[in-house]
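Just follow the structure's listing: the first ligand is 1, and inside any ligand the first atom is 1. Predicted model, so just to flag it, every value in this text is computed and none were measured.
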Amino acid sequence: MRVLGISGSLRRDSYNTKLLRAAGELAEEHGAEFKVFDGLKAIPPYDQDDDIGAGPAAVARLREAIADADAVLFATPEYNSSIPGVLKNAVDWASRPLATSPLRNKPVAVVGASTGMFGAVWAQAELRKVLGATGARVTEVELALGHAHEHLDPTGRLADPAQEEALRDSVRVLVGEPENAEVAA
Ligand SMILES: Cc1cc2nc3c(=O)[nH]c(=O)nc-3n(C[C@H](O)[C@H](O)[C@H](O)COP(=O)(O)O)c2cc1C
């Protein structure tokens, strides 16, 4: 089981990237391989004229990384009540061509962190909507980490055991998703 992590923040000390890495450690405890996608900043603005074949190199990398993963975990910040433009842009690229998009039927989950009290809930809702439109299988995971600067310790671990347990539950749902789908099929 390979899980790809995508953080919607490019910031070096991003709380969302820290949350993603914390989730990755828990996924590894559940036997999954976890990798964070590090090429978001290199992805050019979506232009349908450039969307030919494998697309620009940075886009091809993203599409391959998603295709190679059994599941994708997104951690998104909230920018002005929505998802960061870089993340929407990357999902737009990954969504094409619709019939062969690596996101199609891919189990995905969304978590988020913000320094405000609501933990990027609106951004998460938007991202789930967008991912649903791409044909991804959006799992029923919701983890909103508000006041992230108070809850992530300097090593990037969740200080509160209850929050770590909630993150573990989210990871468990995502890691179990392909199995659940096979059973349901
Ligand atoms: C352009 C911009 C817009 C923001 N808008 C929101 C917002 O709508 N809601 C919110 O809770 N936080 C908002 N914030 C604060 C972010 O939650 C905070 O900067 C957070 O640390 C970003 O995530 P990161 O640490 O992963 O980079 C905004 C920050 C920026 C830079």
Side-chain angles (χ1 to χ4, degrees), residues 3-28 32 34-46 58-59 61-62 65-66 69 71-95 103 106-134 136 138-171 173-175:
V3 180
L4 179 72
I6 300 181
S7 170
S9 175
L10 304 179
R11 203 167 70 82
R12 191 183 338 111
D13 295 324
S14 158
Y15 296 117
N16 282 280
T17 306
K18 285 180 181 159
L19 183 63
L20 199 58
R21 290 192 191 283
E25 281 182 25
L26 297 174
E28 283 168 353
F34 184 79
K35 201 163 67 179
V36 173
F37 182 72
D38 63 1
L40 207 66
K41 196 168 179 172
I43 295 175
Y46 186 83
V59 171
R61 255 196 86 205
L62 172 70
I66 295 173
V72 183
L73 177 62
F74 290 86
T76 185
E78 185 165 286
Y79 285 177
N80 299 308
S81 303
S82 187
I83 59 178
V86 287
L87 184 55
K88 177 65 164 58
N89 183 55
V91 172
D92 288 341
W93 275 110
S95 71
L103 281 169
K106 184 76 58 180
V108 298
V110 177
V111 296
S114 78
T115 48
M117 67 188 290
F118 297 113
V121 278
W122 292 283
Q124 291 187 51
E126 296 240 341
L127 183 54
R128 286 188 197 99
K129 180 186 75 177
V130 168
L131 289 168
T134 70
V138 185
T139 57
E140 299 284 322
V141 163
E142 184 154 354
L143 188 127
L145 185 69
H147 300 306
H149 52 297
E150 293 168 10
H151 293 300
L152 283 159
D153 73 19
T155 65
R157 294 192 84 87
L158 282 166
D160 179 349
Q163 283 173 337
E164 190 177 67
E165 202 43 42
L167 185 61
R168 190 187 296 280
D169 282 347
S170 304
V171 166
V173 170
L174 183 64
V175 169

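Exactly one residue among T139, V110, L143 makes a side-chain contact (heavy atoms from CB on, under 4.5 Å) with S170. That residue is L143.
Checked by distance only, ligand 1 and T17 stay at 3.5 Å or farther apart across all their nitrogen or oxygen atoms.
Ionic pairing of K88 and E126 is not present here: no N-O contact between side-chain nitrogen and carboxylate oxygen is shorter than 4.0 angstrom. A salt bridge links R61 with D38: the closest approach of a Lys/Arg side-chain nitrogen to an acidic carboxylate oxygen falls below 4.0 angstrom.
Nearest protein neighbour of atom 5 (N) of ligand 1, counting heavy atoms only, is N80 N, 2.9 Å. For atom 25 (O) of ligand 1, the closest non-hydrogen atom on the protein side is R11 NH2, 2.7 Å. The shortest contact between atom 9 (N) of ligand 1 and any protein heavy atom is with E78 OE2, 3.0 Å. If you check which protein heavy atom lies closest to atom 15 (C) of ligand 1, you get T115 OG1, 3.9 Å. Scanning the protein for heavy atoms near atom 26 (O) of ligand 1, the closest one is S14 OG, 2.6 Å. Protein heavy atom at the shortest distance from atom 27 (O) of ligand 1 is S9 OG, 2.7 Å. Protein heavy atom in closest approach to atom 22 (C) of ligand 1: P77 CB, 3.8 Å. When hydrogens are left out, the protein atom nearest atom 31 (C) of ligand 1 is Y79 CE2, 3.9 Å; that is the closest non-hydrogen contact.
For the ligand labelled ligand 1, residue S81 lies inside the 4.0 Å heavy-atom shell.
For N16 and S14, the side-chain atoms include no donor-acceptor pair closer than 3.5 Å. A donor and an acceptor atom, one from each side chain of S7 and T17, are located under 3.5 Å apart.
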Worked verdict on L145 versus L152 for side chain to side chain contact (heavy atoms under 4.5 Å, CB included):
CA-CA 9 Å; L145 185 69; L152 283 159; 4.0 Å; yes
From CA spacing to verdict: side chain to side chain contact (heavy atoms under 4.5 Å, CB included), L87, V130
CA-CA 11 Å; L87 184 55; V130 168; over 6 Å; no
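In this structure, CG in L62 is found 8.0 Å from CG in L4, a value given to the nearest 0.5 Å.
Within ligand 1, counting atoms from 1 as listed, the ones closer than 4.0 Å to a heavy atom of N16 are 23 (O), 24 (P), 26 (O). Each of the following atoms of ligand 1 lies closer than 4.0 Å to a heavy atom of S114: 11 (O), 17 (O).
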